[in-house]
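Note that the structure is predicted; figures quoted are calculated from it, not measured. Every chain is numbered from 1, with letters handed out A, B, ... down the list of sequences.
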Amino acid sequence: MKKVVLSVTLALMVATAGEQFAMSDADRAMYEEMLENNPADIFVAEGGEIFEEELGGEEALAKFLGIEENALPKYIATFPRYIEKLGNVVGVDQVLQAMMAEQGKEQIKLKDPKMFAILAYVKSLANDEQFNIDINANEHMKASYELGKQTFMTPRGGRGLSCNSCHNKDTIGLILRTQPLPDLAEAGAGATWPAYRMTKSSLRTLQRRFQGCMNNALMAVIPIGSKEMVGLELYVSKLAQDKQKAIAVPGLKR
Amino acid sequence: MQKKVKFIACTALLSTALTAVNASDLTKTYEMPDATKILEKDLLKPATTYTLPKSCNLNDTASIARGEYIFHNLNGDQAKDAPPEGIVKSIEKDGKKEPKQYGNCVACHNIEGAVGGGNIGPDLSNYKTYFIDTKIRDAQFVYQKIADPRIDNPATHMTVNLTTGLFDEQEICDLTAYVMSKK
């Protein structure tokens, strides 16, 4: 009798232990395979095509930014950054929108998957570069970084949580309903998005990922491209920079 | 010859004029939506002290059952089991039907019967034996902790459940009764 109870308990323990992992073995095998062949590559290639054909590609972007074309990778690694002619600290996607406007092209919305794809392509030009963001470069950068940090730290929403409630040094690696809490710095979150999100079967950007966490935590979701979102991206990218994480886009996420 | 120079000068002038217009315009050519109002409305109110209501009957089995349901589930859409009496699966907000939110306490706490329980908060298994019977904790402490954990620990990583308005006093009472009950 005792033996039966014991084995039932054991079976139960194994079952619950399995659920403790973010990925099942089958998912893990799929992840390994996708690492070789990231499904996002096709989106990124599509983004590249639109970028070349409709916007004039790297040459046009470099010209727009007032830099040499071969300086582009290093320059992209400084975003989000203050662009004087845009009057704000902006993400690469906002620069692309301004280019579309200047060229009289129909503008693609920031939240459009097409924009995610172009952004992924342009950011991938900086692959293997480390971030080189200067948060003290000017008042605009200082303010944006502070706003991002404040947005990260401020508790809000239905459950009174902040990003920092889950992403702080004390809770890293602890389990939130079967999900280990990632270390945003070590995971190089800023350097690995846009990424293919396996659970969503689509290419997502960093700001879109932030929205996911806001939604899960019952925080009001704020729009992509808002000052606060750009600030959050700046804050999270700086975390990756401080850990010397190289840009590797598209990433692959659970 | 002269004509040609003039022409070039002219186009140059024209194009600088055009770029100048564009340049001043560029600050408005991309999306930068305002989020400040959304964020202001969403802010968490200051830490608040609460007293266990007199109406709270910690031995009421119906209350304990409701507390158990709220503890283990995320919301009315995700919950698989039928809710005990007194718990709804959806609510109306601004004329729209949306899932009723539950505590999802199991996301951070292990407890009897937890499936995929987290470990961000302490293990609440055997809570009655270890914490209540030993008088380390009492009902007032547990109620306050669930209602607003910041009173006990200003730097807490736990959710705030009453000050946010997500739950009412009775629901906090149900959770308190469940955590303190013998399981």
Side-chain angles (χ1 to χ4, degrees), chain A residues 15-16 18-20 64 83-88 90-91 93-102 107 109-111 150-151 154-162 164-166 168 170-171 173-181 214 216-230, chain B residues 18-19 21-48 72 74-75 78 101-110 113-121 147-150 155-167:
Chain A
T16 22
E19 281 189 75
Q20 285 292 330
F64 185 88
I83 299 291
E84 202 176 336
K85 62 182 177 179
L86 301 192
N88 273 308
V90 291
D93 48 354
Q94 287 159 314
V95 169
L96 294 167
Q97 276 195 329
M99 276 178 78
M100 290 168 194
E102 196 184 50
Q107 203 166 50
K109 292 267 179 237
L110 292 181
K111 65 174 184 194
Q150 186 196 326
T151 310
T154 308
R156 61 186 181 91
R159 300 196 196 274
L161 294 170
S162 70
N164 192 56
S165 300
C166 295
N168 67 78
D170 299 334
T171 53
L174 292 179
I175 308 291
L176 178 83
R177 196 152 209 163
T178 75
Q179 300 310 323
L181 291 173
M214 289 175 196
N216 287 342
L218 287 190
M219 299 179 192
V221 173
I222 58 172
I224 292 175
S226 57
K227 282 198 160 64
E228 288 79 1
M229 272 296 201
V230 175
Chain B
L18 271 177
T19 4
V21 167
N22 275 339
S24 60
D25 272 346
L26 283 183
T27 59
K28 301 263 182 309
T29 52
Y30 54 95
E31 290 174 75
M32 188 167 259
D34 182 38
T36 49
K37 285 191 196 74
I38 305 174
L39 287 166
E40 260 165 39
K41 260 180 60 185
D42 205 37
L43 279 186
L44 177 60
K45 297 192 185 77
T48 311
H72 288 271
L74 171 63
N75 63 43
Q78 299 286 322
Q101 296 296 334
Y102 305 134
N104 199 24
C105 317
V106 76
C108 294
H109 294 284
N110 191 29
V115 177
N119 62 4
I120 297 168
D148 196 329
R150 293 172 294 170
T156 188
H157 300 311
M158 176 160 152
T159 50
V160 177
N161 295 290
L162 190 53
T163 313
T164 48
L166 194 64
F167 299 106

- Assert top hit (heavy-atom pairs under 4.5 Å, partner chain B, pool A:L161, A:D93, A:T151) equals A:L161
- Item | Any donor-acceptor N/O pair, B:D42 side chain to A:R156 backbone, under 3.5 Å | no
- Message: With a 4.5 angstrom heavy-atom cut-off, is it the side chain or the backbone of A:E228 that approaches chain B, or both, or neither?
- Response: side chain
- Message: Using a 4.5 angstrom heavy-atom cutoff, name the option from A:I83, A:L86, A:L174, A:I222 with the most pairs to chain B.
- Response: A:L86
- Message: I need the minimum non-hydrogen distance between B:Y102 and B:F167, along with the two atoms involved.
- Response: C-CZ, 3.4 Å
- Message: So which atom in B:P46 and which in B:D148 form the shortest heavy-atom distance, rounded to 0.1 Å?
- Response: O-OD2, 4.1 Å
- Query: With respect to chain B, which residue among A:T171, A:N168, A:T154 yields the maximal number of heavy-atom pairs within a distance under 4.5 Å?
  - Reply: A:N168
- Query: chain A: which of B:N104, B:N75, B:D34, B:N161 shares the most heavy-atom pairs with it under 4.5 Å?
  - Reply: B:N104
- Which residue out of B:L39, B:L74, B:L166, B:N119 racks up the most heavy-atom pairs below 4.5 Å with chain A? B:N119
- Task: Against chain B, work out which of A:K109, A:M219, A:E84, A:M99 has the most heavy-atom pairs shorter than 4.5 Å and name it.
- Result: A:K109
- Message: Taking A:R159's backbone N and O only, do any of them form a donor-acceptor pair with B:T164's side chain (distance below 3.5 Å, no angle check)?
- Response: no
- Message: Taking every non-hydrogen pair under 4.5 Å, which of B:V160, B:I120, B:T36, B:L43 racks up the most with chain A?
- Response: B:I120
- One option among A:V90, A:V95, A:L218 has the most heavy-atom pairs under 4.5 Å with chain B, and it is A:L218
- Message: Using only atom types and a distance under 3.5 Å, with no angle test, would you say the side chain of A:Q94 pairs donor to acceptor with the backbone of B:E31?
- Response: yes
- Task: Against chain B, label A:D170 side chain, backbone, both or neither, depending on which of its atoms sit under 4.5 Å from a heavy atom there.
- Result: side chain
- Query: Counting N and O atoms only, with roles assigned by atom type, does the side chain of A:Q107 sit under 3.5 Å from a partner on the main chain of A:M100, one being a donor and the other an acceptor?
  - Reply: no
- Between A:P155 and A:G160, the two heavy atoms sitting closest are CB-O, 3.5 Å
- Item | Minimal non-hydrogen separation, A:A220 against A:M214, with atom names | O-SD, 4.0 Å
- Most heavy-atom pairs under 4.5 Å with chain B, out of A:L110, A:V221, A:L96, belong to A:L110
